[in-house]
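Order of the sequence lines sets the chain letters (A, B, ...), proteins ahead of strands, with each chain counted from 1. Keep in mind the model is a prediction, meaning the values are calculated, not measured.
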Amino acid sequence: MTGRADDQGRLPFIEAPAEAPVEASDEQPGGRVVRVLPDVAAIDRTFDYLVPVAWEEDGRADLVRPGSQVRVVLGGRRVGGWVVDVDVEPPDGVPLRPLAHVGGLGPSPEVIDLARWAAHRWAGRTANLLTTASPPNRVRVLPPPSSTEPVPKGPDRWAEGAFASPVSVLRLPPNADPLPLVLAGARRGDTLVVAPTLDAVGRLAVRLRRTGVPVSVLPREWAQAASGGVVLGARAAALAPVRDLAAAIVLDEHDESLREERAPTWNARDLVLERARRAGAPCVLVSPCPSLEALAAGPETTPSRAVEREGWPVLDILDRRDEDPVRGGLLGERLVPVLRSVGAGVGGPVVCVLNRRGRSRLLACDGCGELARCEEHRVPLVQAEEGALDCPVDGVRRPMVCDACGGLRFRNLRAGVARVREELEALTARPVCEVDAETPAAEVAAADVLVGTEAVLHRVDRASQVVFLDVDQELLAPRMRAAEQAMALLVRAARLVGPRSRGGRLVVQTRQPGHEALQAVLHADPGRLVEAEAARRRLLGLPPYAALAQVSGAAAAEFVDRLGAPEGVDVLGPRDGAWLVRAGGPEALADALASVERPAGRLRIEVDPARA
DNA sequence: CGGACAAGCTGA
DNA sequence: CAGCTTGTCCGG
């Protein structure tokens, strides 16, 4: 607000002092009282204000509805906020101030309630979620409801059936088309569709518009969304205005982009599930590789084996266990013929993925090439002191001996990444483009061979092959969701290369050819990964069989201290200055976190942490 | 958050 | 004891 003129063109620093408090008494007949949630960090409570009587004359009072964005004087300064209740009974003996300004319309009472629920569920402030739920520009009138032309009838019976139960999980292979599902939703009435990226949103919007279905794309078309039709957007659309929710769809529900990174770390999938439940509308969660969270929410519908197989590309697993770990660089022997054939394909460039973020700590046996990992927790062991290996999960130490062959010598697999591009160039006899966020689009488009971190998968829209030079780095990352995250990368890659009938090929170099994620893609059967993951998570008491929150920051110790050890809640850590709070489920976790009075100081509470 | 006010510290 | 810093409280 600093330096910006208000609605009357006055600048804050020269404006007249705020109006004196006005008693809500007989002197103010008809002065409506509204409840306002200020948008001020560290204030998470409401305050009551009067609607100025003069506003009844000039029509501004009409804009004061639940959700409206207003400015109020609070603690002697003007702050923004939302009307969250109208015509309330103010507390006795508190002199009320008038609203200072009304901006425009905002979220409906239903969305405000949903925002309150989410603030509790993810231990954050309601104001934060209301910001997401509010229009980016001032909205003073809603456009008239869109014409209700009949939605074209699709031939796809499966799409209709998806809405039969309150929640269902629809496993659609990577190259299947979700459009029939969205049309089937639109036939039921106002439909909310959430996809992980604006890219996916844009592509779907174009195709939907061609069918003549009224569609509003968030965040730009907030007002139009409120007037009905299909509402489509990225994760923020979970809080979009929808006139009369009749169906909800979350596309690629497994995708981590659906999760807000800043606290509160809400997830659009879970928010849409709750929203649909409240509205009594069916919700369909769609993914080629449904998350355990989704599978816990409703029954799964799977395509026929033939359809699912066709929707995945071929996977070539290049087993590197028997290669010489000393001489073998990042480009294994078996990769050579694959790369030599570059240029023969016509389906786009060859894309090589190598995640260099973080320090790889993989150790492989010098003798047999097997990776040193913890059999129980399925994570790579890290070298502690001389001759000892530690499990990063429980810290149990063991001697440095290969489980597979008894070998005593291990080799650090952290590779000389700088050389990879040159090696690729030598091998393929073509220019190789190293892609990062700054690489110009023209260079990316011109190259036959690309190499980069997983971000490279976002820089192209098709490829003849995608090669994961070191898929083990993904599969064995020391994160709870490493396998699912690796699977998500494989899905992304699968879409770039297309279905097997179009010649789509994925290539992975690995020392773990039997890993469930790879086997799942190889057989086009994501259930193989789900089974293994579910067993592991259940064993370790991890989501969705428990709920976690990571508490960090300077005030974290004090917070955890105040939390204590309530029934059904346990606290792990600290580890790197952060604690993990675990409860039986999201509700129990949220209640436990909310029961603690927040200490002063920096505190970050990450519910459903991404990297635990 | 940021203003108001109270309690504590310093220096002539 | 004025003048300033630091801490705590609270906003309609």
Student: What's the CZ-P distance between Arg97(A) and dG12(C), to the nearest Å?
Tutor: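 Distance, rounded to whole Å: 6 Å.
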Student: Rounded to whole Å, please give me the gap between CD in Glu597(A) and C1' in dC10(C).
Tutor: 13 Å
Student: Please state how far atom CG in Leu603(A) lies from atom P in dC1(B), giving the value in whole angstrom units.
Tutor: 13 Å
Student: Within this structure, what is the CZ-CG distance for the pair Arg138(A) and Leu105(A), rounded to the nearest 0.5 Å?
Tutor: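 Reported to 0.5 Å precision, the distance equals 11.0 Å.
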Student: Nearest whole Å is fine: how far is dG11(C) P from Phe47(A) CZ?
Tutor: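 Interatomic distance, CZ of Phe47(A) to P of dG11(C): 7 Å.
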Student: If you round to the nearest 0.5 Å, how far is CG of Asp461(A) from CZ of Arg495(A)?
Tutor: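 It is 13.5 Å, given to the nearest 0.5 Å.
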Student: Would you please confirm or rule out a distance under 4.0 Å between OP1 or OP2 of dG11(C) and any side-chain N or O of Arg45(A)?
Tutor: yes
Student: Arg71(A) has an atom CZ; how far is it from atom C1' of dC1(B), in whole Å?
Tutor: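 These atoms are roughly 13 Å apart.
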Student: Tell me: CZ of Arg77(A) to C1' of dA4(B), nearest whole Å?
Tutor: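 Atom CZ in Arg77(A) sits about 13 Å away from atom C1' in dA4(B).
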Student: Measure the distance from CG on Leu74(A) to P on dA4(B) and round it to the nearest whole Å.
Tutor: 13 Å
Student: Is a donor on one side and an acceptor on the other found under 3.5 Å between the side chain of Arg269(A) and the backbone of Val250(A)?
Tutor: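 A pair under 3.5 Å: no.
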Student: Given the rule in the salt bridge (Lys or Arg N to Asp or Glu O under 4.0 Å) test, do Arg598(A) and Asp44(A) qualify, once you have shown the distances and angles that lead to the verdict?
Tutor: CA-CA 12 Å; Arg598(A) 300 256 179 135; Asp44(A) 201 11; over 6 Å; no
Student: Any base atoms under 4.0 Å from Pro91(A), or only sugar-phosphate, or nothing? Heavy atoms, all strands.
Tutor: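 Pro91(A): base contact, heavy atoms under 4.0 Å.
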Student: Over how many whole Å does the gap from Asp44(A) atom CG to dC10(C) atom P extend?
Tutor: 17 Å
